[in-house]
Amino acid sequence: MARFAMVIDTKKCVGCMDCVVACKTENDVPEGFNRDWLAYETIGKFPNLHQENRSERCNHCDNPPCVYCCPCGASYISSLGGIVLVDQNKCSGCKACIAACPYNARFIHPVGYASKCTFCEHRVKHGGKPACVEVCPTHCMYFGDLDDPMSDVAQLLKARKYHTLIPEAGTEPNVYYLI
Amino acid sequence: MKLTRRKFLEISSATFAGAALSQNLISNIKSNDTDELGIRKVPTYCNICFWKCGAIAYVRDGKLWKIEGNPLDPLSNGRLCPRGSGGVGMHYDPDRLKAPLIRKGNRGDEKWVVATWDEALNYIADKMLKIKETYGPESIALFNHGIGGNFLKHTLRAFGVINIVAPSFAQCRGPREIGFELTFGDYIGSPERTDIRNTKCLALIGSHLGENMHNTQVQDFAKAIENGASIIVVDPRFSIAAGKAKYYLPIKPGTDLALLLSWMNVLVTENLYDRDFVDKYGWGFESFKNEISAYTPEWAYIQTGITPEQIRNTARELALHKPASLVHPGRHVNWYGNDTQRSRAIALVNALLGNWNRKGGFFKPAEMKIPKYPYPPYPESQREKADNPDNKYPFISEEGLTNGIREATLTEKPYPIKGWFVYGTNLIESMPNQLETIEAINKLDLLVAIDVIPSEITSWADVVLPEAVYLERFDDISVNSFYLPFALIRQPVVNPPNEQKPGWWIAKKLAEKLNLNEYFPWTDIEEYLKYRIESAGYSYDEFKSKGIIFGEKQPIYDNEGVKQEFFTPSGKVEFYSNQLAEYGFDPIPRYIPPDDPPPGYFRLLFGRAPVHTFSQTQTNRILRDMMNENEVWINSDIANRIGIKSGDYIRLKNQDGIISNKVKVKATQKIRGDCVYMVHGFGHRSKALSGAYMRGASDAELITKYKIDPIMGGTGMNVNFVTILMED
Ligand code: SF4
Ligand code: SF4
């Protein structure tokens with residue numbers, strides 16, 4: 001089975017939010033909600049500053065608390081490369097997963113089910129890439145199979161330094177930030 | 001909103017010649033096939049900003065779904081910027097203008113009678129003829145922004161209008177074009193001829209690429225970063241670009257010219273400049289060399305706050321990579337009123353780097369030529385244009401001076417201006433000193449605003465004409481000279497939801513009312529487009545289905561065969577400008593320090609966010625979800641001292657006592673303590689903009705003061721000071 005991951009080069013990201021906009025139209029995300037978002041982190045004292053811009057979303061964790069805690073069996077790990085998904089029809093909207101996710105990646109869609117980033121599995125299953133990856137004007141986002149040593153993502157993680165978000169939560173996230 | 005066939009016919013039969021248009025749209029839509037998933041793709045080009053990227057719009061089940069970049073297009077390379085991706089929200093914006101409006105109450109009251117197109121255009125034509133009779137057609141002016149205004153411009157020129165101006169010159173990039181023309185004999189143009197993708201060292205002076213989302217430039221900026229280019233950012237604010245920089249120079253606002261002069265001093269005294277280039281192509285270098293010898297890094301340190309060491313290091317870095325080394329000329333450069341001289345200094349640093357027509361510097365755009373449509377000649381006028389009487393500002397361009405027309409309207413000199421057409425620009429927000437604009441408006445017999453949303457300028461209009469958004473109309477061909485020459489087509493993707501009409505239709509109907517039919521020999525815009533494309537030797541059908549045509553590849557660098565030609569009086573790169581000397585200006589840029597803010601005040605700086613364009617997109621419900629108000633950036637040490645923190649709401653009061661709407665504080669280390677910064681375009685006061693009304697504050701309101709550039713007449717706007725008022 002493939003193991004899909006996203007690798008984002010923070011050295012190139014300008015924090016423009018195109019990834020957020022493209023997701024919104026691609027996935028009909030309703031007004032007032034977004035499935036991905038930007039974090040801007042600045043450290044230091046003027047003018048000696050360091051800035052990191054991060055496009056964040058569901059980390060499609062290998063060890064996903066949202067799946068484990070779901071009382072309805074609606075949250076699941078897909079056989080498509082380990083993407084974490086929600087079955088809308090099974091979801092009762094109880095919000096247990098929202099409480100469990102350390103990344104704040106989920107929200108209740110106005111229709112009543114938990115919603116979040118799907119890695120655009122509807123595109124990926126046809127060999128495509130997530131909409132955010134395909135739109136990014138700085139080409140700073142990469143998507144692929146970590147189990148394929150020749151993939152962009154595997155190569156980049158081999159060549160560059162990176163970090164993940166809240167690794168101490170033990171979720172084994174699959175979104176990596178190159179630094 | 002989706003129109004049923006029945007509803008659509010009702011609307012179209014209610015309007016003059018509406019049926020012809022609707023058929024036209026529908027037939028177009030049919031010609032683009034829908035795939036098995038119910039998806040139809042229509043190539044077009046974006047209009048959320050003037051970059052005009054090639055796009056492909058997706059229609060799903062008859063409704064606009066999403067917009068992507070056209071992979072064939074060299075501007076987007078298949079990727080639109082966030083605003084372009086969010087263009088969908090423009091079509092669905094519930095705040096859109098829906099029908100023609102004629103003013104009922106006082107100007108500015110926003111009280112209207114809803115009119116038919118026939119009524120509205122008759123009203124306008126009637127007033128125009130009266131103005132022509134009493135004052136002459138020159139007493140009507142057009143303020144124009146963007147390609148959509150081309151057809152209206154045509155109608156007005158046929159009527160005898162000569163006063164046609166655009167804020168893109170006097171409020172934006174004018175000083176840059178003039179500064180480079182005076183030096184190299186050529187404009188920078190748009191899209192810019194900056195070879196960012198191949199540069200090894202890029203200096204940005206206040207230019208905030210990444211926040212300023214000119215698509216190709218940002219893509220190329222990312223490429224430069226990836227290639228390991230050295231980035232130098234000069235900005236009072238630690239911009240997104242500064243976060244990518246090898247050298248960040250936190251300059252005191254208004255002192256950039258001092259830095260540029262000292263860079264030149266270092267390049268010359270340390271013999272780091274391109275001697276070959278300067279010997280071969282330079283003019284007046286000896287006088288230049290003498291003059292800049294005074295501008296040492298030690299001198300510049302006192303002006304700019306940038307240490308001599310930083311100045312030397314950055315000048316050396318620029319020299320190290322020459323000629324693949326580039327000081328970006330910027331785009332919005334009307335800052336301090338001496339902007340042409342600053343732009344000229346930027347041109348001169350580049351000249352010392354020998355980067356003109358060279359890889360990694362400035363390339364020579366490969367020219368695209370599409371023949372014009374053969375219209376009858378426009379009537380000739382005996383009068384001079386009113387924007388620049390007696391050539392008061394000796395170096396202006398075809399784009400003219402918006403502020404010159406405003407002044408002529410107020411003073412009635414050199415002659416009265418009684419009618420304004422305003423197309424696609426929210427003049428209240430785009431020009432400094434709103435009171436002056438409003439006073440001028442109150443002297444008019446006719447103000448027509450053509451827009452897609454009820455922007456502030458529409459509140460002041462006598463007649464408001466609702467245009468179809470770019471996704472609902474044909475438009476003129478976008479002809480681009482760039483790395484490759486190419487042209488893009490704009491074609492309707494979906495129908496306008498209400499009574500909105502395309503700009504070409506409005507212009508043609510108005511011409512009919514004015515008995516100018518001979519100027520519109522074509523009955524339908526596709527006839528016009530087809531004529532132009534076919535006379536250039538291309539297939540119109542292919543243009544429509546691919547969205548783009550390409551011209552011949554041409555050399556773009558001198559080592560590929562571009563001749564080093566300079567269209568200056570000396571035929572050389574003018575280190576010393578006789579032209580400037582003749583008019584009494586400094587032939588070599590000379591430094592004048594800016595005024596300091598009074599105690600307790602900060603200099604007001606403004607800029608762009610990647611998710612909004614000017615004051616035109618704040619009601620777009622998709623883009624509003626990205627950013628729904630602006631913030632005022634203030635240094636966090638200062639914020640602590642005065643007892644405010646991020647998230648607090650304050651008001652700003654300027655030196656003339658003008659108080660802003662309330663605005664959120666962003667207390668941050670990312671800005672100097674002597675200035676505050678905000679994103680332009682917020683704080684809307686037009687009540688009809690329900691999605692943006694009174695969200696955030698308007699910098700334009702606070703820009704009551706401006707300094708006119710004596711060379712080109714543009715308005716320097718970074719000369720206002722504000723103090724902070726606490727909100728209880
Ligand atoms: S689109 Fe790309 S550059 Fe823009 S914020 Fe997202 S990841 Fe960053
Ligand atoms: S830069 Fe963005 S807004 Fe401007 S034309 Fe291109 S996609 Fe549209």
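Chain identifiers are assigned alphabetically (A, B, ...) following the order of the sequence lines, protein sequences preceding nucleic acid strands; residue numbering begins at 1 within each chain.
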side-chain contact (heavy atoms from CB on, under 4.5 Å) for B:W65 and A:E26? Distances and angles first, verdict last.
CA-CA 8 Å; B:W65 170 28; A:E26 175 72 26; 4.0 Å; yes
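- When all heavy atoms are compared, the tightest approach of A:K12 to B:A222 is CD-O, 3.6 Å.
- For chain A, the nearby part of B:I671 is the backbone; its heavy atoms alone come within less than 4.5 Å.
- The choice from A:D9, A:L38, A:V20 that makes the most heavy-atom pairs within less than 4.5 Å of chain B is A:V20.
- The side-chain heavy atoms of A:K24 and B:M626, taken from C-beta on, include a pair separated by under 4.5 Å.
- Comment: B:D637 engages A:K45 in a salt bridge, judged by a side-chain N to carboxylate O separation of less than 4.0 angstrom.
- Between A:E31 and B:D625, some side-chain heavy-atom pair lies under the 4.5 Å cut-off.
- Counting heavy atoms of neighbouring residues, nucleotides and ligands inside a 6.0 Å radius, atom NZ of A:K129 does not exceed 12 of them.
- Most heavy-atom pairs under 4.5 Å with chain A, from the set B:G69, B:A242, B:S76, B:P610: that is B:P610.
- Counting all heavy atoms, side chain and backbone alike, A:Y142 lies closest to B:E226 at OH-OE1, 3.9 Å.
- B:S85 and A:D18 make their closest contact through OG-OD1, 2.8 Å (heavy atoms, listed as atom of the first residue, atom of the second, distance).
- Taking every heavy atom of both residues into account, A:F46 and B:P250 meet most closely at CZ-CB, 3.5 Å.
- In this structure, the side chains of B:K244 and A:K11 stay at 4.5 Å or more apart for every pair of heavy atoms.
- Within the 4.5 Å cutoff, the side chain of B:R79 has heavy atoms near those of the A:C136 side chain.
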For B:I240 and A:Q51, what are the C-alpha separation, side-chain angles and deciding distance, and is it a side-chain contact (heavy atoms from CB on, under 4.5 Å)?
CA-CA 8 Å; B:I240 288 286; A:Q51 164 100 15; 4.3 Å; yes
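- Using a 4.5 Å heavy-atom threshold, the side chains of B:F238 and A:P47 count as separate.
- Heavy atoms closer than 4.5 Å to chain A are found in the backbone of B:P236, but not in its side chain.
- Within 6.0 Å of atom OH in B:Y301, 12 or fewer heavy atoms from other residues, nucleotides or ligands are found, so the atom counts as exposed in its surroundings.
- Using a 4.5 Å cut-off between heavy atoms, B:R624 touches chain A through its side chain atoms alone.
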List the steps and the verdict of salt bridge (Lys or Arg N to Asp or Glu O under 4.0 Å) for A:D28 and B:K66.
CA-CA 9 Å; A:D28 304 300; B:K66 62 174 178 177; over 6 Å; no
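- For chain B, the nearby parts of A:E134 are the backbone and the side chain; heavy atoms of each come within less than 4.5 Å.
- When all heavy atoms of B:I622 and A:V21 are compared, the pair lying nearest together is CG2-CG1, 3.9 Å.
- By the 4.5 Å heavy-atom criterion applied to side chains, A:C16 and B:E211 are not counted as neighbours.
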Begin with the C-alpha distance, continue with both residues' side-chain angles, and end with the deciding distance and a verdict on side-chain contact (heavy atoms from CB on, under 4.5 Å) for A:V14 and B:V218.
CA-CA 9 Å; A:V14 294; B:V218 176; 4.2 Å; yes
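- Looking at A:L49 and B:K670, their side chains come closer than 4.5 Å, going by heavy atoms from C-beta outward.
- The side-chain heavy atoms of A:T138 and B:Q219, taken from C-beta on, include no pair separated by under 4.5 Å.
- Using a 4.5 Å cut-off between heavy atoms, B:L80 contacts chain A through its backbone alone, with no side-chain atom that close.
- The most heavy-atom pairs under 4.5 Å with chain A, out of B:G210, B:G243, B:G86, come from B:G210.
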